[in-house]
Protein chains: 2
Amino acid sequence: MTQESPGALLSILRDGRARTRADLVQVTGLARSTLTQRLDALLDQRWILPVEEAISSGGRPATAFAFNPRARLVLAADLGVTRARVALTDLSGAVLAEHAADLPIDGGPERCLTWLLDTADDLLTDSDISDVGGIGLGLPGPVEHRSGRAVNPPLMPGWDGFPVTEWLGAKIDAPVLVDNDVNIMALGEHRAAAPDVEHMIFVKVGTGIGCGIVSERRLHRGAQGAAGDIGHVRVPAADLALCRCGNLGCLEAIAGGAALAARLRVEGTRDVVRLVRGGTAEATNLVRESGREVGLVLASIVNFFNPSVIVIGGDLAEAGEHLLAGVREIVYGRSLPLATQRLDIRASVLRDRAGVSGAAMMVIEHVLTPASVDRMVEFG
Amino acid sequence: MTQESPGALLSILRDGRARTRADLVQVTGLARSTLTQRLDALLDQRWILPVEEAISSGGRPATAFAFNPRARLVLAADLGVTRARVALTDLSGAVLAEHAADLPIDGGPERCLTWLLDTADDLLTDSDISDVGGIGLGLPGPVEHRSGRAVNPPLMPGWDGFPVTEWLGAKIDAPVLVDNDVNIMALGEHRAAAPDVEHMIFVKVGTGIGCGIVSERRLHRGAQGAAGDIGHVRVPAADLALCRCGNLGCLEAIAGGAALAARLRVEGTRDVVRLVRGGTAEATNLVRESGREVGLVLASIVNFFNPSVIVIGGDLAEAGEHLLAGVREIVYGRSLPLATQRLDIRASVLRDRAGVSGAAMMVIEHVLTPASVDRMVEFG
DNA sequence: CGACTTTTGATTGACCATCGGCAGAAGTCC
DNA sequence: GGACTTCTGCCGATGGTCAATCAAAAGTCG
């Protein structure tokens, strides 16, 4: 029924399960001879590997074949405003090596990307595989995914319009995919924890506030790549609060980590988390109140978007369940019953690894499309 | 390059432009002989027709072929709370015949659908084509599109869980597609006025308020088919207003047509429009204020969803530009610059025909998928 | 250890869709 | 009307897929 090119065959085996020839003949409907031909093509370039699986039913045991996640490496990076993380993953998204460091994004693209390449080199020399199949990168601002460029990013001086794809592609010969950091976190969280969910929203509450949107299992990026920017929605409670964007009344100005830190007279979001963990009642209350304010905005969005899962992540979500509790309190009370009755509001499971994990998934799904695999099998 | 089955070929010709064999060889990359074979298959069942186009360039003139929208009929219906519209369209979506009448949806499914079939019969007898290729239906409440059933509809007693698809399919042997009425209006408006726009929101302000969401040119229906229900978002200005849903503070309770009619002491939304057209200042001000309230909710949604077009439709939008002006005033002032700088907020062009037009498009796009056409070309 | 079972790899001819060339048809231009 | 151009239908060549067959391989079972 389905057209089964080598690439289409590989996408069946992508789930990691090992399958015998007989299994695959059943699934694909192909003749055994044709199937063997396809498998040989994939085996040649080690896209799949034979695995010993002696489930003999009285005769010669069948050899099972499984997807080989080590066929290529993926370089994934999540550049935040002040912190950066680089990881080497295989084609299943499993992290093989990683490194995190403090790196201010306002150092500009060349400095940051050079650091990225240097770090990648270090990680690569420690690895036994060397074939990089793609690079995925998350940036803390609006990104036009198609061209791989940041557009009018408020926190990234020097990055506006910088051709990240071309710059990195010139150094490493592999496809480069760039996206907003919250988008890749949403993607990572979706693929890891809720791959079957059709519509999901990932909310990152850190120094700022933003969200990533998954519609029909795919990222919704919006017209200018600016979708998900809920940090600057105006909320009544913030009427008098000045936001870093220059306006009054932004959600972020009252519920973001920076706002909480200012009120608690500490330096940053991480200090707020520390206070909460230390048991400071004022901090705990503020975080919960922050959750309520976020919940207020999400309540409208739930009616509008009708997701089945909302994931809460970001630094401020690390302060126990308080943020989550605040969000739940308001969303379940304020949205329509039909939209909330099966709505699951949960905490991020990948936490600070969601970004690199999502960046890796973004690359993997790009590289492992049937058409793309067919090309690679055919030439070199 | 692309796999060009008869169905894929037809989808190239779907745009209505006539093309010669030479044109199609260029586009598809197929051999002329193969292409002729495909064309013959499509000609056999009149999916395409040869058109006289003597653009001879010195030799034998080429015959051009064009999509035949008359190959099948589509039955499209838009059932509102009190008003219903049925239309017969061709496969381009052009309305061939239509009929509108007052029909209360609370009469229950069997009565409404029987009326629909009777009306369709009348329209069909006047038509020279008789082959119905599909039925599209819009209903005023949440619909689970997959199963074709209304789920917990607040305004449609007797419809909850009723198997519309099966019931209609038993009477007319054709695929039946059901969706929320605002969704099909959004689809109709998108395909007619903004087919190249990726992300669009259609807002219907009538007796109630709802919106249809287009993401990546496709309808986003949400987890329970409840996406777009912005009428019951809580807004501060409505704190004391009781909504028909039983809650306090809903947008609809202050900005919906029913709310305006109550304040103006007239019966329904159409009376409000009549007052505005008659020049009653109070009515005009109320409609504009309604636009502002809707704009307040949309401002958050624009930040979240980042559409490039917002279309304002529904009965209240018929009262001149006042509603639109109110929406624009708030959205352009309150959303992020990046999200609004290229945002187009415009009025519906299809007006009260958006529903049937969208229902027809929903069916057409389902019936004319390459796979579906291939099946029809192969068997009968 | 031998009989039996089942998978595997290789080979074969049949089949079908596609391709490319060729001759005839249907025009234009001089 | 004849030369020329361009389109169209026809036919053999081509290449990938399929079903069938067979011998070898690698197990289990008595």
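Lettering follows sequence order; numbering is per chain, from 1.
Per the geometry, CG belonging to B/Asp374 stands 14 Å off C1' belonging to C/dA17, to the nearest Å. A/Leu39 has its CG atom 13 Å from the P atom of D/dT17, to the nearest Å. Atom CG of B/Leu43 and atom C1' of D/dT8 are 13 Å apart (whole Å). When rounded to the nearest whole Å, the span between CG of A/Leu30 and P of D/dT17 equals 8 Å. Protein atom CG of A/Asp40 is 15 Å distant from nucleotide atom C1' of D/dT17, rounded to whole Å. Here D/dA25 presents its C1' atom at 13 Å from CZ of A/Arg21, a figure rounded to the nearest Å. Here the P atom of nucleotide D/dC10 and the CD atom of B/Gln37 are 12 Å apart, to the nearest Å. As rounded to whole Å, 13 Å separates atom C1' of C/dT7 from atom CG of A/Leu35.
OP1 and OP2 of D/dT8 both lie 4.0 Å or more from every side-chain N or O belonging to B/Thr36. Taking side-chain N and O atoms only, B/Thr34 has no distance below 4.0 Å to OP1 or OP2 of C/dA17.
A donor-acceptor pair is defined here as one N or O able to donate and one able to accept, closer than 3.5 Å; no such pair exists between the side chain of A/Asp126 and the backbone of A/Leu123. Between the side chain of A/Arg19 and the backbone N or O of A/Ile12 there is at least one donor-acceptor pair closer than 3.5 Å. The closest donor-acceptor contact from the side chain of A/Glu144 to the backbone of A/Arg149 lies at 3.5 Å or more, if one exists at all.
Between the side chains of B/His220 and B/Ser215, no donor-acceptor pair of N or O atoms lies under 3.5 Å.
Relative to the side chain of A/Ala31, the nucleotides D/dC18, C/dT8, C/dG27 differ in distance, and D/dC18 lies closest.
The number of heavy-atom neighbours closer than 6.0 Å to CZ of B/Arg46, taken from other residues, nucleotides and ligands shown, is 12 or below.
When every heavy atom of A/Arg17 is checked against every heavy atom of A/Asp15, the shortest pair comes out as N-OD1, 3.0 Å. Minimum heavy-atom separation, B/Leu49 to B/Leu43: CA-CD2, 4.2 Å.
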Nucleotides 21-25 of chain C: which of its N/O atoms have a protein N/O under 3.5 Å away?
from: C/dA25; atom 1: N3; to: B/Arg60; atom 2: NH1; distance (Å): 3.1

